[in-house]
Amino acid sequence: QVKLVESGGRLVQAGDSLRLSCTISGRPFINYAMGWFRQAPGKEREFIAAITWNIGSTRFADAVKGRFTISKDNVENGVNLQMNSLKPEDTAVYYCAAAYSDGPIAPISAAYYRYWGSGTQVTVSS
């Protein structure tokens, strides 16, 4: 059984940094990608970042490019999202998810992600 658990969300001020972690129990697929999404109140869930597990190639949404990084944690069997220069518009519930991916590019559509965590709240005050 695959289970994803996010942690690290909290209240921070604009300009601060924050690292979110996602711990993976089980192996989602033989080849897979891990993604981070977020959903703000009244808005649709949006793609933030993704990484292919075997190759380590990454993708980022334009809104976070240059500020956020995604990395694998091979020790804890998880994936981290390092968020720098946070803005109030980054306030949202952040979800990690796993998708089947046997290519060099991780999917950015939520429809491709089969397993999801329950989310962690990030609030950025101005």
Which hydrophobic side chains are connected to Val5, either touching it within the sub-4.5 Å cutoff or through other members that do?
none
With sequence neighbours excluded, residues passing ring pair (Phe, Tyr, Trp, His ring centres under 6.0 Å) with [X]:
| X | answer |
| --- | --- |
| Tyr100 | Phe29 |
| Phe47 | Phe37 |
| Phe60 | none |

Non-neighbouring partners of Gln13 that pass side-chain hydrogen bond (donor to acceptor under 3.5 Å, both in side chains), sequence neighbours left out:
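Scan of Gln13 (side-chain hydrogen bond (donor to acceptor under 3.5 Å, both in side chains), adjacent residues dropped) gives none.
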Listed by chain and number, what are the side-chain hydrogen bond (donor to acceptor under 3.5 Å, both in side chains) partners of Tyr94, not counting sequence neighbours?
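For Tyr94 the side-chain hydrogen bond (donor to acceptor under 3.5 Å, both in side chains) partners, ignoring immediate neighbours, are Arg38.
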Would you please name every residue forming a salt bridge (Lys or Arg N to Asp or Glu O under 4.0 Å) with [X], sequence neighbours left out?
| X | answer |
| --- | --- |
| Arg67 | Asp90 |
| Glu89 | none |
| Lys65 | Asp62 |

Sort and list the pairs that fulfil disulfide (SG to SG under 2.5 Å) and have at least one residue in [range], not counting sequence neighbours.
| range | value |
| --- | --- |
| residues 52-126 | Cys22-Cys96 |
| residues 45-84 | none |
| residues 32-95 | none |

Let me confirm one number: the CH2-CE distance from Trp36 to Met83, rounded to the nearest 0.5 Å.
8.0 Å
